[in-house]
Amino acid sequence: MIVIVGGGTAGITVAARLVRAGKAGQVTLIEPSEKHYYQPLWTLVGGGITTVAESLRQEKDLIPHGVEWVKEKVASFQPEENQVTLASGKTLAYDYLIVAPGIQIDWNKVEGLVESIGKDGVCSNYDQRFVDSTWTSLQAVREGDVVFTMPSTPVKCGGAPQKIAYLAADYLKQHGLAGKTRVHFYSAGAKLFAVPEFEKVLSQTVARYGIQTHFRQDLVKVDAARKVAIFKNMDTGALTEQPYAMLHVTPPMSAPDFIKSSPLANQAGWIEADIKTLQHPRFLNVFALGDAAGLPTSKTGAAIRKQAPVLVSNLLAVMEKKAPTATYDGYTSCPVVTGYGRLVMAEFDYDNNVKQSFPFIDQKKERWDMYMVKRHLLPQMYWHGMLKGLL
Ligand SMILES: Cc1cc2nc3c(=O)[nH]c(=O)nc-3n(C[C@H](O)[C@H](O)[C@H](O)COP(=O)(O)OP(=O)(O)OC[C@H]3O[C@@H](n4cnc5c(N)ncnc54)[C@H](O)[C@@H]3O)c2cc1C
């Protein structure tokens, strides 16, 4: 029996590939949610280009035939006994385990955020409950400071915090509000992007919009009563108060708590996995992929598209008592929307080498065709290709 924990992007993709590999009837998927979201669309929802409804499908319609769905949460792992314990207290035995429960959003790590998020100009694209408030907040801006944040923790889609800043800057420009507003991008990081080629073009984007960047600054408090965001300098500890008309928060994130406290976790709390084969180094019948896996790459659905075939190939090898030889090179992709109809398609690997999927064009610049790929082609590839185990 193969058990998959988590029926998000990674879990469904792997389940579909296993069924295609002849494992129908041998796969159980543990997933508590009846809803499945294509989260990359939320950037466009926040920018008023599409709706949350377009990003939503029913989980039951995505689970491949031949896969049994256990609609529950996993509470803990007992890898020495090859079993997981569910929140209901029931246990489930497995021969092979694939762990893909995604990333946890830690709203409570920023003082005042739980109380303020989703209203009075405080918004976030990082949750389907709040993403509409991004668009509402942007439309309500008439003047003042429009503030975007990036935390000190790993996040899913590291480019998403700045995508919405560029869309907002473009929106304000198109609506004649550029002169009355100031757009700020506060980041706990030291620069815009890890890969120099993309850092260069995005710096030009920032300059074009006149966005004020503030690096090594981590959001620690939202004072909604005064409409002030408080940032801590990562080097000196000094606090800065930044008034806001709109505050888009990318919240701190971490491995899910039930992973952090499990025997499967590495020191940082993520599921330990060989960065090439995706096999757990201590429990050889366990594999991990997706946002919860301890892989030093940017956490994206695009990365999962390349991880899933490697994981399935290696799992099948291990099931046949062979060595796992397929390797993942850290490929990830961040389609950085830089305005309405503009996008930098950043693709790279563990070593920050650029890995273009479209070799005949220059992906190191803002392009309209790549925007159309994100807007129209990638969602279709997701629903009809990747989640069907075909891409
Ligand atoms: C605003 C935004 C923009 C993004 N933009 C892009 C982009 O442009 N390109 C891109 O490639 N990626 C993008 N991403 C990232 C992408 O959506 C994620 O990397 C991807 O969905 C991760 O897949 P996953 O399967 O690891 O986790 P998820 O898809 O989040 O799924 C995890 C699943 O595990 C389940 N689960 C949780 N806890 C348990 C438990 N205890 N037991 C059982 N199941 C559990 C959850 O219910 C969930 O269904 C974006 C994300 C956001 C939020």
Side-chain angles (χ1 to χ4, degrees), residues 3-15 28-47 52 55 57 59 62-63 69-77 84-88 92 98-105 123-128 130-131 134 154-164 167 248-251 253 255-262 270-271 288-293 295 297-308 331-337 343-347 370-371 373-375 378-379 381-382 386-387:
V3 167
I4 303 174
V5 179
T9 303
I12 295 286
T13 303
V14 165
T28 297
L29 178 75
I30 311 174
E31 164 59 60
S33 176
E34 292 186 352
K35 294 184 171 153
H36 181 115
Y37 293 94
Y38 176 58
Q39 302 166 42
L41 267 190
W42 293 349
T43 294
L44 304 184
V45 176
V52 177
S55 72
R57 298 287 185 278
E59 184 76 9
L62 300 176
I63 296 176
W69 180 13
V70 174
K71 207 196 299 173
E72 277 216 48
K73 267 189 183 172
V74 170
S76 63
F77 298 88
V84 298
T85 301
L86 307 177
S88 62
L92 201 69
I98 298 164
V99 196
I103 203 165
Q104 172 175 294
I105 298 201
C123 53
S124 181
N125 284 354
Y126 272 87
D127 190 310
Q128 50 82 21
F130 308 129
V131 58
T134 303
V155 298
K156 46 184 158 186
C157 196
Q162 49 189 292
K163 296 175 194 176
I164 189 62
L167 279 175
H248 178 276
V249 179
T250 299
M253 300 178 207
D257 288 339
F258 80 108
I259 296 292
K260 283 188 201 113
S261 60
S262 81
W270 308 99
I271 309 153
L289 81 167
D291 291 353
L295 305 172
T297 190
S298 180
K299 297 176 182 300
T300 64
I304 292 166
R305 186 161 55 82
K306 298 287 184 180
Q307 291 163 10
Y331 171 90
T332 190
S333 167
C334 194
V336 187
V337 180
L343 184 142
V344 176
M345 186 62 84
E347 296 177 283
M370 290 295 104
Y371 176 88
V373 165
K374 164 142 183 104
R375 173 68 189 93
L378 291 179
M381 282 173 64
Y382 183 75
M386 192 170 157
L387 296 192

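Atoms within a ligand are numbered from 1 in the order they appear, just like the ligands themselves. For this chain, numbers begin at 1 and follow the sequence in order. As the structure is a computational prediction, the values presented were derived from the model and not from experiment.
In plain terms, the two heavy atoms of Leu29 and Gly7 that are nearest each other are CD1-CA, 3.9 Å. Shown here for Leu41 and Arg375, the closest heavy-atom pair between the two residues is CD2-NH1, 4.4 Å. Shortest non-hydrogen contact noted between Asn125 and His248 is N-NE2, 2.9 Å. Minimum interatomic distance between Lys163 and Pro335 (heavy atoms only, all atoms of both residues): CE-O, 3.0 Å.
Here is the list of ligand 1 atoms found below 4.0 Å of a heavy atom in Tyr126: 53 (C). The contact set between ligand 1 and Asn125, taken as ligand atoms under 4.0 Å from a residue heavy atom, comprises 1 (C). Below 4.0 Å from some heavy atom of Thr9 lie the following atoms of ligand 1, by number and element: 20 (C), 21 (O), 23 (O), 25 (O), 29 (O). Annotation for ligand 1: atoms under 4.0 Å from non-hydrogen atoms of Lys299 are 19 (O). Residue Gly290 approaches ligand 1 through these ligand atoms, each under 4.0 Å from one of its heavy atoms: 26 (O). Using a 4.0 Å cut-off to heavy atoms of Ile30, the atoms of ligand 1 that qualify are 43 (C), 44 (N). The contact set between ligand 1 and Lys374, taken as ligand atoms under 4.0 Å from a residue heavy atom, comprises 8 (O).
Looking at Glu31 next to ligand 1, an N or O pair under 3.5 Å apart turns up. Every N/O-N/O distance between Thr43 and ligand 1 stays at or above 3.5 Å. At under 3.5 Å, a nitrogen or oxygen of Ala302, whether backbone or side chain, sits near a nitrogen or oxygen of ligand 1. Not one N or O of Ile103 is nearer than 3.5 Å to an N or O of ligand 1, by distance alone.
In this structure, of Thr300, Asp291, Val99, the residue bringing a heavy atom nearest to atom 22 (C) of ligand 1 is Asp291. With atom 36 (N) of ligand 1 as the reference point, the heavy atom nearest to it among Pro335, Ala10, Pro101 is part of Pro101.
Both the backbone and the side chain of Gln39 come within 4.0 Å of ligand 1, counting heavy atoms alone. Contact annotation: for Ile304 versus ligand 1, heavy atoms closer than 4.0 Å belong to the side chain alone. At a 4.0 Å heavy-atom cut-off, ligand 1 touches Lys163 through the side chain alone. Of the heavy atoms in Phe258, only side-chain atoms (C-beta onward) come closer than 4.0 Å to ligand 1.
Formation of a donor-acceptor pair under 3.5 Å by the Gln162 side chain with backbone atoms of Val336 is not found in this model. In this structure, Trp69 contributes its side chain and Glu31 its backbone to a donor-acceptor pair below 3.5 Å.
Residue contacts with ligand 1: Glu59 is excluded, as none of its non-hydrogen atoms falls under 4.0 Å. Under the 4.0 angstrom criterion for non-hydrogen atoms, Arg305 is not in contact with ligand 1. Between Pro32 and ligand 1 there is a heavy-atom distance shorter than 4.0 Å.
More than 12 heavy atoms of other residues, nucleotides or ligands sit less than 6.0 Å from atom NZ of Lys260.
Interatomic distance, NZ of Lys156 versus OG1 of Thr250, reported as 11.5 Å (0.5 Å rounding).
Counting protein heavy atoms only, atom 42 (N) of ligand 1 is closest to Val74 N, 2.9 Å.
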